[in-house]
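Numbers restart at 1 for each chain; the letters A, B, ... are given by sequence-line order, proteins then strands. Note that the structure is predicted; figures quoted are calculated from it, not measured.
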Protein chains: 2
Amino acid sequence: MPRRPLRFDPVAEARRNWVERGWLEAADGMALVTSVMRVHQILLARVDDALAPFGLTFARYEVLMLLTFTRTGQMPLGKIGQRLQVHPASVTNVIDRLESDGLVQRRPHPTDMRTTLAVISVKGRRLAARATEVLNRDVFAEVGPTPEALQELFTTMADLRRAAGDFDPTPQPTH
Amino acid sequence: MPRRPLRFDPVAEARRNWVERGWLEAADGMALVTSVMRVHQILLARVDDALAPFGLTFARYEVLMLLTFTRTGQMPLGKIGQRLQVHPASVTNVIDRLESDGLVQRRPHPTDMRTTLAVISVKGRRLAARATEVLNRDVFAEVGPTPEALQELFTTMADLRRAAGDFDPTPQPTH
DNA sequence: TTTCAATAGTTGGACGTCAAAGTAGTATGG
DNA sequence: CCATACTACTTTGACGTCCAACTATTGAAA
């Protein structure tokens, strides 16, 4: 994408406009929402760049890793959607692509004929491992101003997610 | 979307898995990236819900507000893309839809025949004003655990965006 | 002045996301 | 035991995003 950096922070500019019109109650919330949109865009672009050589996207990578972390390398599609917080139709879409690349395979559930299991293949495991190496090195280890700010950011966003009902408000250790 | 909340934080769970495999350098970065993806999804859903009654999406709303904040209510498409940090093709797409709803109008640039200006209409101004009212009340004023955490979050993300080259590292007051 | 590179916008295709509607299988209440 | 509600997944369509390729215009260099 054409990325000629601006001479100013467009979000701070928007916030100024909000305050100028007297929308004081909403200015910080607007700035936060807009910031999240931009940061999301930036990070997703970085991740997808790193994954492109492997023919992966973040959506596909997330599914592969989720399967990797299971005991048996398989999981019902519906559960994948719950864990990754995406719509069933999105899961169908991603699994379709992973399957046509031979990285996962659909298998009927042994007892419940409604359920479809996604099983990660050896090829899928290998690819996920190689992709993780690159992703860890080139993106994840490089993100964030400082480790402290990063931790702070993470916990604050976890609060936000919890408040949004993303998961149960049971206290969970973050490390 | 089906939103049955989980009993645990899936991001913290992923982070545990990262640490377990010895990817210590990358664990926090991975958690941050994943958090941002989820928070983005949550906030975008809220915003789009609030805007749906107006026939708007956040992308369209952002363009309308950007035009609202200009002196003359108009701006070249390319500049819109720079300010909102989106691809030229995305601008074309959004302007197409806004135009077919009569909220903006395309107009040729007076001197540079390559350039197209988007001009906000009276209808566009009115709709943006009404949408802002609802958005401020129902979303922006309700976001975030506390005002302090919200501020903190915003400035930390601004650092992150600045480091990513989103805008020039010139110090800018945030309020 | 002529040629060629840079800029502005559009088009077409790929991808991920969601909602709504449809199909198939399971579970439950009468 | 059967009718009905619920669950799991898929399909279709809409939207936003990006990239690559294309057209038109401007600008700059030879």
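- Atom pair A:L117:CG and C:dG25:C1' shows a separation of 15 Å (rounding to whole Å applied).
- The distance from atom CD1 of B:I42 to atom P of C:dC18 is 12 Å, rounded to the nearest whole Å.
- Per the geometry, CG belonging to A:L56 stands 19 Å off P belonging to C:dA14, to the nearest Å.
- The side chain to side chain donor-acceptor pair (under 3.5 Å) check on A:R114 picks up A:D112, with sequence neighbours excluded.
- Of the side-chain N and O atoms in A:R106, one or more sit less than 4.0 angstrom from OP1 or OP2 of D:dT10.
- Taking the side chain of B:D112 as heavy atoms from C-beta on, and the options D:dT26, C:dG25, C:dG16, the nearest nucleotide is D:dT26.
- Counting any heavy atom pair closer than 4.0 Å across all strands shown, B:T92 reaches a base atom.
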Interface polar pairs with nucleotides 20-22 of chain D, N/O, under 3.5 angstrom:
none

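- Toward the 5' end of DNA chain C, the nearer of the two residues A:F58 and A:R114, judged by each one's closest nucleotide, is A:F58.
- Here the nucleotide nearest the side chain of A:S90, chosen from D:dA8, D:dC18, C:dT17, is C:dT17.
- If you measure from atom CD1 of A:I95 to atom C1' of C:dG16, you get 14 Å, rounded to the nearest angstrom.
- In this model, a donor atom of one side chain and an acceptor atom of the other lie less than 3.5 Å apart for B:Q151 and A:D28.
- B:Q105 contributes no side-chain N or O that, together with a main-chain N or O of B:S121, makes up a donor-acceptor pair within less than 3.5 Å.
- The distance between atom CG of B:L51 and atom P of D:dC15, rounded to the nearest whole Å, is 14 Å.
- Ranking C:dC15, D:dC18, D:dC15 by closeness to the A:R60 side chain, first place goes to C:dC15.
- For A:N93 and A:R97, the side-chain atoms include at least one donor-acceptor pair closer than 3.5 Å.
- Between B:Q41 and C:dG16, a side-chain N or O to OP1/OP2 separation shorter than 4.0 Å is absent.
- The aromatic rings of B:H40 and A:H40 sit parallel to each other, their planes meeting at less than 30°, with 60° as the upper class boundary.
- Each of D:dC15, C:dC15, C:dT26 was ranked by its minimum atom distance to the side chain of A:M113; first place goes to C:dT26.
- In this structure a side-chain-to-backbone donor-acceptor pair under 3.5 Å is present from A:Q41 to B:Q85.
- In this structure, the side chain of B:T34 does not engage the main chain of B:A31 through any donor-acceptor pair within 3.5 Å.
- Between the C1' atom of C:dA14 and the CG atom of A:D48 lies a distance of 12 Å, rounded to the nearest Å.
- Checking A:N93 against B:L77, the closest nucleotide of DNA chain C that is more toward the 5' end is the one next to B:L77.
- Contact annotation: A:R97 side-chain N/O to C:dA14 OP1/OP2 distance is not under 4.0 Å.
- Between A:H40 atom NE2 and D:dC18 atom P there is a gap of 11 Å when expressed in whole angstrom units.
- With hydrogens and angles disregarded, no donor-acceptor distance shorter than 3.5 Å links the side chain of A:N136 to the backbone of A:A141.
- Here D:dC18 presents its P atom at 10 Å from CD of B:Q85, a figure rounded to the nearest Å.
- When each of C:dC15, C:dT10, D:dC9 is scored by its nearest atom to the side-chain atoms of A:T57, the top-ranked nucleotide is C:dC15.
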